[in-house]
Amino acid sequence: MPQRKSSPEPEVMTRPKSMPIIVVAGLFDAIRLFFEAFWFWGPALAGLYCTVKGSALVSSWTLGIAGVKTTAALCSAAAIAGGTAVSEITTPLGVVMADAMALIGFLVLGLWILLGNARLLKAVTEAPLWFSGAFALSGLPLIGSFPFFSVVLWKLYGAQIEAESAAHAKWKRENADALRQEQQQRVAQVMQLQQLQAAQVAAAEQVAANDAEAEQAQEEEDASQERLVVDRVPEAAAAAGNDEIPQTFKKAA
């Protein structure tokens, strides 16, 4: 019986499998958001650092009169004034860093897809266009604050899961049909083999019965001939005038 040629079971992407790259994409989006708003986060972090480090020092200088609240107010005022003064530096720096993170994220995530999940490009033919579009939009000012990488990858992996799940269901149906046909062929062959074996056994039994009948018939014929010889010996001896029957024939009789 020829072996059934079935295609290998297709792989199926799942949400748990897709989460690592989506989480990393979310980290890149968060870092880009931070640098997009660096004009705000820079002075704010400077004020926070000033408050944490300067509160103890100011309190010791003022003998506890000026505490954390006073220090925080002073640091916030200084941060606002300083942020306004250096905004011409922090804003371009944030844009440059945001664009750099967008490029790094695009390269890292793209390489991750190519090495670990190249099936995405087959399942979703528009994936390169969508991913390139996410990179282009992430480099725009203000608009780039939107988490394009994580959102686009979430949708692309969702489309891949749907497509591969449908392909796997189709494979299961086709494989089940092929397996059922193979089982039917095997059952038919087993029945034919059993019928052939039964015919061979019947033929062998018939041959054995014929041989037994032939052997029994031969034995009966031999016994009949012996009895005929024994019956004819006395008659032959009487006809010859010899009443003595040879001992051999007596024993035989």
Report task. For W130, look at atom CH2 and say whether over 12 heavy atoms of other residues, nucleotides or ligands are found less than 6.0 Å away. Result ->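 Counting other residues, nucleotides and ligands, CH2 of W130 stays at 12 neighbours or fewer.
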With the 4.5 Å side-chain cut-off for hydrophobic clustering, are [X] and [Y] part of the same group?
X	Y	result
F34	V23	yes
V108	F35	yes
L156	V151	no
V124	W112	yes

**Report entry** Residue pairs passing the side chain to side chain donor-acceptor pair (under 3.5 Å) test where at least one lies in residues 25-34, sequence neighbours excluded
**Finding:**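 Checked against side chain to side chain donor-acceptor pair (under 3.5 Å) - neighbours excluded - the pairs reaching residues 25-34 are D29-R32, D29-S150.
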Which atom names give the shortest non-hydrogen contact between [X] and [Y], and what distance separates them?
X	Y	result
S138	E36	O-OE2, 4.1 Å
F148	I143	CE1-O, 3.1 Å
I161	R15	CD1-N, 3.6 Å
E164	M13	OE1-N, 2.7 Å
A102	F149	O-CZ, 3.5 Å
V12	H168	CG2-CB, 3.5 Å

Which distance, rounded to the nearest 0.5 Å, do you find between the [atom1] of [X] and the [atom2] of [Y]?
X	Y	atom1	atom2	answer
L109	L114	CG	CG	11.0 Å
I22	K155	CD1	NZ	11.5 Å
L121	E126	CG	CD	11.5 Å
F28	L103	CZ	CG	10.0 Å
L33	M101	CG	CE	12.0 Å

Query raised in the report: How would you list, by chain and number, every residue that makes a side chain to side chain donor-acceptor pair (under 3.5 Å) with S18, sequence neighbours excluded?
Result: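 Here no residue qualifies.
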Using side-chain heavy atoms (C-beta onward) and a distance below 4.5 Å, is [X] in contact with [Y]?
X	Y	answer
I21	Y157	yes
Q160	N117	yes
L107	I104	no

Query raised in the report: What orientation do F131 and F106 show, parallel under 30°, tilted 30 to 60°, or perpendicular over 60°?
Result: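 Answer is parallel, since the angle falls under 30°.
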**Report entry** Side-chain donor-acceptor contact under 3.5 Å, E9 with N175
**Finding:**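 E9 vs N175: no donor-acceptor pair found between side chains.
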